[in-house]
Amino acid sequence: MHVVIKKEPITALMKNPNYAALHRRFPTIPHLRAYARRHAPRFAFEYMDGGAGADTGIAHNWAALDAVEIVPRYGVMTDLPPISIDLLGRRYAAPFGIAPMGGPSIAWPGADLLLAKAAQRAGVPYVLGLAGGATIEQIAEVAPDVFWFQLYRCAKNDHAIGFDVVRRADAAGAHVLILTLDVPVRTTRSREVVVGLGGAGLFRPGPRMIWDILTSSGWAMAMMKNGQPRFANIRPYAGANASLNDVIQFARREMGGAFSWEEVARYRERWKRPLVVKGILHPSDAERAVKLGVDGIIVSNHGGRQIEALPPPIDCLPAIVRAVGGRATVMMDSGIRSGIDVVRALALGAQKPAEACAAVVRHPGALHF
Ligand SMILES: Cc1cc2nc3c(=O)[nH]c(=O)nc-3n(C[C@H](O)[C@H](O)[C@H](O)COP(=O)(O)O)c2cc1C
């Protein structure tokens with residue numbers, strides 16, 4: 001299937017009347033991050049920004065990307081190369097997309113839908129997480145050309161919920177199914193614990209959290225408009241009168257454990273469109289996935305949010321690209337903060353590098369041509 005994205009490409013978005021003003025305020029991701037820290041309630045910021053342990057996995061991801069240097073080659077092309085790509089049978093406007101997030105509606109109520117609409121407009125993939133705050137059906141409506149769906153393991157009663165949400169994603173036209181392999185258990189993140197989101201994970205706002213909400217007027221208004229953060233896709237299975245905390249407890253009971261390769265094979269059998277596994281860091285696991293017939297691999301350490309000791313995916317990428325040998329599409333995430341980080345990933349094999357930036361070295365000061 002080949003779908004041409006007819007909506008505005010990325011360059012057209014730069015003609016958006018708001019583009020110049022937004023770009024002046026937020027020229028880089030760190031500018032956005034600083035703004036989010038000031039405008040989101042503290043618990044929301046700590047949830048979206050925090051990593052496992054003392055955030056060392058996040059720091060390693062950033063440092064490993066910063067260590068990749070790009071050696072340009074000149075005289076090859078006179079204009080900027082096109083940045084659109086073919087990915088898993090569809091054409092997208094740029095070689096990056098929006099990764100699945102379980103709680104964007106904690107970060108900002110209604111964020112799932114805002115992100116999906118923005119991705120549709122920009123023509124880049126949007127991945128709805130099983131634990132996200134919008135339903136499969138809502139996302140299919142607002143982002144039909146760019147909609148991918150991510151599943152955590154829900155294996156009870158022979159995958160009753162897992163298989164049913166995948167059936168719904170199929171019926172709604174999700175183009176790609178992603179199985180996340182790297183969350184056998186949910187990590188307790190210290191920054192979440194401190195702000196009251198840890199432990200059983202129930203939403204029981206204490207005085208501090210209520211004060212945070214009241215003093216973050218934009219967030220509070222977004223919650224009045226969109227309702228409390230929730231597990232929108234799991235709610236239908238939790239019973240008609242389930243409260244938010246009932247749904248959270250139900251989701252915690254249903255989701256969990258690590259996908260086995262046999263289970264991946266069962267999803268492969270059921271899902272006829274592109275299947276991707278996320279969280280791969282070892283070439284032998286990539287090899288195993290390819291043998292099972294998956295179409296794509298996301299080299300990822302979950303953005304340093306699960307286990308701080310995992311290696312940065314950018315370091316694992318070349319060996320995995322070699323092991324896959326073109327038999328599946330290799331993507332990566334974790335630590336990407338700029339266009340130059342995207343180029344670093346492309347140059348190390350996530351996708352064929354543009355001819356104009358052919359060579360990459362890992363060790364500053366040790367160039368051998
Ligand atoms: C707030 C938040 C929630 C996330 N929830 C999920 C999730 O539900 N499923 C999943 O596969 N990955 C989830 N991730 C991981 C991302 O998909 C991605 O692997 C990671 O954010 C990449 O690292 P980066 O944040 O440094 O770009 C989440 C990440 C964040 C920041």
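Source: prediction; values computed, not measured. Excluded from the calculations below are hydrogen atoms, water molecules and symmetry mates; all remaining heavy atoms, backbone and side chain alike, are included. Position 1 is the first residue of the sequence; numbering continues from there. Read the numbers this way: they start at 1 and go in the same order the structure lists the ligands and their atoms.
In terms of polar-atom proximity, P100 is counted as a contact of ligand 1, with an N or O under 3.5 Å from an N or O of the ligand. Residue G102 places at least one N or O, backbone or side chain, under 3.5 Å from an N or O of ligand 1. For Y47, no nitrogen or oxygen atom sits less than 3.5 Å from a nitrogen or oxygen atom of ligand 1, counting backbone and side chain alike.
Heavy atoms of H302 found under 4.0 angstrom from ligand 1 belong to the backbone as well as the side chain.
Formation of a donor-acceptor pair under 3.5 Å by the S105 side chain with backbone atoms of W108 is not found in this model. Between the R337 side chain and the G335 main chain, a donor and an acceptor come within less than 3.5 Å of each other.
Around atom 20 (C) of ligand 1, the closest heavy atom drawn from A131, G303, A44 belongs to G303.
Under a 4.0 angstrom heavy-atom cut-off, A99 registers as being in contact with ligand 1.
A salt bridge is absent between R189 and D55: the closest approach of a Lys/Arg side-chain nitrogen to an acidic carboxylate oxygen does not fall below 4.0 angstrom. Classification of R305 and D49 as a salt-bridged pair fails, no side-chain N sitting under 4.0 Å from a carboxylate O. In this structure, R288 does not pair ionically with D285, as no charged nitrogen and carboxylate oxygen lie closer than 4.0 Å. The pair R266-D158 meets the salt-bridge criterion, with a side-chain N (NZ, NE, NH1 or NH2) lying under 4.0 Å from an Asp/Glu carboxylate O.
Residue K291 qualifies as open at atom NZ: its count of foreign heavy atoms under 6.0 Å is 12 or below.
For F147 and Y126, the distance between ring centers is not under 6.0 angstrom.
Of all protein heavy atoms, the one lying nearest to atom 30 (C) of ligand 1 is R305 NE, 3.4 Å. Nearest protein heavy-atom neighbour of atom 9 (N) of ligand 1: Y152 OH, 2.8 Å. Nearest non-hydrogen protein atom to atom 19 (O) of ligand 1 is D333 OD2, 2.7 Å.
Among residue pairs with one or both ends in residues 224-251, none qualify as ring pair (Phe, Tyr, Trp, His ring centres under 6.0 Å); sequence neighbours excluded.
Taking every non-hydrogen atom of G335 and a distance limit under 4.0 Å, the qualifying atoms of ligand 1 come out as 23 (O), 24 (P), 26 (O), 27 (O). Near S300, meaning under 4.0 Å from one of its heavy atoms, ligand 1 places the atoms 19 (O). Those atoms of ligand 1 with a heavy atom of K278 less than 4.0 angstrom away are 10 (C), 11 (O), 12 (N), 15 (C), 16 (C), 17 (O), 18 (C), 19 (O). Atom numbering of ligand 1 starts at 1 in the shown order; those under 4.0 Å from a heavy atom of T180 are 10 (C), 11 (O).
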